[in-house]
Amino acid sequence: MTTLTKNEKLSQLFPEDLFLQAVTLTDGEIDVLMELEAAMEKHLRPVLAAHSEKGEFPFEAFSKVVADVKMLSDERLFADKTAENYVHSQYYNTYLYYVMARFDVSIATFMAVHAGLGYYTFLFGGSDEQKAKWLPKFQSFDLQTCFALTEPDHGSDIAGGLATSAKRDGDKWILNGEKRWIGGAGSADLIPVFARDIEDNKIKCFVVKKGQAGLRVDKIENKIGLRMVQNGHIYLEDVEVLESDRLPHINGFRDVANILYATRAIIGVLAAGNSGGAYRAALSYTSQRVQFGKKLTNFQLVQEKLARIVSNLQSQLAVNARVADLQTEGHYDEVRSSIAKMQNSKLMRENAALAREICGGNGIVYEYDVARFFTDAEAIYTYEGTHEVNSLVIGRAITGESAFV
């Protein structure tokens with residue numbers, strides 16, 4: 001049996017990466033990503049269209065992927081084999097989310113909430129005992145988590161407007177309020193809920209467990225994008241949380257912002273993944289579809305649109321790779337995070353529209369894949385900081401003036 005070289009594996013895994021950005025990956029990381037893609041094709045591909053149409057997450061199929069591939073805890077991902085908290089390289093994180101989003105953005109979003117926002121909340125906010133107790137179970141998917149910050153009336157202004165309250169009562173806290181657009185809330189075992197301490201007015205984080213008295217999660221219906229993500233509207237009515245289940249290192253919005261900055265780059269990666277998926281779907285369709293006696297790929301206008309998509313994608317991949325460099329070097333901040341998210345999302349929107357356009361009428365049905373990427377682009381464009389909010393973060397940095405209000 002012939003063994004593929006590293007470059008051959010990369011060409012097979014990322015044929016659209018024309019500038020070879022993915023050479024930063026190690027052999028072990030590449031192998032895990034190839035196994036992940038194969039497992040998703042095997043278990044998730046057959047149920048993807050049906051679950052998108054129904055708006056249901058394919059938990060059974062996803063659990064089979066997890067059983068086949070230890071995408072977060074495989075020893076090949078860690079150089080010293082002893083990383084206590086399983087902190088992956090920034091390059092692996094980047095291409096893990098790219099591969100998943102290129103396959104399907106709902107699957108990648110579920111992962112980004114669980115292993116990104118949720119995981120980093122515990123990693124940054126938890127005590128040593130809490131991290132030792134919960135992080136390995138998140139890595140193995142024995143437990144699922146999420147990230148309960150956004151509220152019905154407070155999204156972009158959550159820093160000053162967060163209304164969910166926490167009142168200290170001896171060795172426990174009483175939580176009241178609502179959260180909205182919380183991905184995976186209905187199935188999460190542990191829900192980190194951000195609430196404002198009524199005594200000192202600071203934002204703190206409390207671990208609410210599935211099935212607790214006073215907790216209710218309603219599924220948000222009728223979405224046009226991220227159909228499979230189970231976004232929840234959370235109601236908290238006198239929910240009791242022990243002081244031992246409060247994450248002690250979150251004591252203000254600055255601590256929350258650190259989580260957002262660390263994970264916002266992931267959404268920039270998801271935007272690139274959406275472009276990669278739309279490109280692959282459009283190229284596959286136009287390579288087979290015959291009109292006027294020729295395949296669509298034989299037409300100049302189709303080639304021009306494909307060229308625009310793949311050229312935009314190179315820019316997105318380059319931004320992602322540079323952000324991974326900066327994160328590795330320790331020179332990463334909110335401005336770079338916002339640039340990556342804003343720019344990649346803008347290019348993604350154009351790419352998704354072009355891909356749908358060259359697929360004609362078939363571009364709006366799930367059967368041909370492009371439709372998922374087209375509608376999911378709108379969700380990515382908005383979540384984890386809208387275009388406008390990210391532009392104001394950048395604008396504040398370059399002008400020295402805050403124009404948020």
Pair Lys223, Asn231: side-chain N/O donor-acceptor within cut-off below 3.5 Å: yes

Whether Gln314 side chain and Asp17 backbone form a donor-acceptor pair below 3.5 Å: no

Spacing of Tyr98 atom OH and Phe103 atom CZ [to the nearest 0.5 Å]: 14.5 Å

Distance (rounded to the nearest 0.5 Å) between Ile107 CD1 and His51 NE2: 9.0 Å

Tyr119 versus Thr145, side-chain donor and acceptor atoms under 3.5 Å: no

Pair Tyr285-Asn362, side-chain donor/acceptor within less than 3.5 Å: yes

Exercise: do Ser73 and Gln139 side chains pair donor with acceptor under 3.5 Å: no

Note: Lys202-Asp200 ion pair, threshold 4.0 Å (strictly below): no

Interatomic distance, Lys42 atom NZ to Glu37 atom CD [nearest 0.5 angstrom]: 15.0 Å

Sidechain-backbone polar pair: Asp255 side chain, Asn251 backbone, donor-acceptor under 3.5 Å: yes

Shortest non-hydrogen separation from Val113 to Gly183 and the atoms involved: CG1-O, 3.5 Å

Min side-chain heavy-atom separation Arg102-Arg280 under 4.5 Å: yes

Stepwise ring pair (Phe, Tyr, Trp, His ring centres under 6.0 Å) test for Phe110 and Phe62: CA-CA 10 Å; Phe110 174 86; Phe62 186 80; 5.3 Å; yes

Heavy-atom donor-acceptor pair, Ser337 side chain to Asp333 backbone, under 3.5 Å: no

Non-neighbouring partners of Asp157 that pass salt bridge (charged side-chain N to carboxylate O under 4.0 Å, His left out), sequence neighbours left out: none

Ring centers of Phe147, His114 separated by less than 6.0 Å: no

Flag if over 12 foreign heavy atoms under 6.0 Å of NZ, Lys346: no

Side chain to side chain, Asn176 and Leu236, heavy atoms closer than 4.5 Å: no

Plane angle bin for Tyr235 and His233 - parallel if under 30°, tilted between 30 and 60°, otherwise perpendicular: parallel

Aromatic ring pairing Phe78/His88, orientation class (parallel under 30°, perpendicular over 60°, tilted between): parallel

Short side-chain to backbone donor-acceptor contact, Gln130 and Ser244, under 3.5 Å: yes

Heavy-atom donor-acceptor pair, Lys341 side chain to Gly385 backbone, under 3.5 Å: yes

Donor-acceptor under 3.5 Å (Glu334 side chain, Tyr261 main chain): no

Under 3.5 Å donor-acceptor, Glu35 side chain and Val32 backbone: no

Any Gln316 side-chain heavy atom under 4.5 Å of Met348 side chain: yes

For Leu247 against Gly126, the heavy-atom pair lying closest together: CD2-CA, 4.0 Å

Phe19 atom CZ, over 12 foreign heavy atoms within 6.0 Å: no

Validation row: Arg336, Leu326 side chains within 4.5 angstrom (heavy atoms): yes

Interatomic distance, Arg227 atom CZ to Tyr366 atom OH [nearest 0.5 angstrom]: 5.0 Å

Exercise: do Tyr91 and Thr26 side chains pair donor with acceptor under 3.5 Å: no

Non-hydrogen side-chain atoms of Met111 and Leu96 separated by less than 4.5 Å: yes

Between Trp173 and Glu243, a side-chain donor and acceptor under 3.5 Å: yes

Nearest heavy atoms of Gln303 and Thr297, plus distance in Å: NE2-O, 2.9 Å

Side-chain H-bond candidate by donor/acceptor type, Thr382 with Glu378, under 3.5 Å: no

Lys/Arg-Asp/Glu bridge criterion (N-O < 4.0 Å) met for Arg396, Glu401: no

Heavy-atom closest pair, residues Asn274 and Ala352: OD1-CB, 4.1 Å

Expected output: side-chain Gln291 to main-chain Leu296 donor-acceptor under 3.5 Å: no

Distance-minimising heavy-atom pair for Phe374 and Ala353: CE1-CA, 3.9 Å

Side-chain H-bond candidate by donor/acceptor type, Ser187 with Gln230, under 3.5 Å: no

Ring centers of His387, Tyr381 separated by less than 6.0 Å: yes

Test item: Lys179 side-chain N/O and Leu149 main-chain N/O as donor-acceptor pair under 3.5 Å: yes

is_close_aromatic(Phe14, Tyr95), centroid dist under 6.0 Å: yes

Minimal non-hydrogen separation, Cys146 against Ala188, with atom names: SG-CB, 3.9 Å

Asp189 with Lys210: basic N within carboxylate O range, under 4.0 Å: yes

Leu392 side chain reached by Val389 side chain, heavy atoms, under 4.5 Å: no

Asp142 side-chain N/O to Lys137 backbone N/O, donor-acceptor pair under 3.5 Å: no

Any side-chain heavy-atom pair of Trp181 and Ile220 under 4.5 Å: yes

Within-4.5 Å side-chain heavy-atom neighbours: Val65 and Leu36: yes

Straight-line distance of Arg180 CZ to Asp153 CG, nearest 0.5 Å: 10.0 Å

Inter-residue atom distance His154.NE2 - Glu178.CD, 0.5 Å rounding: 10.5 Å

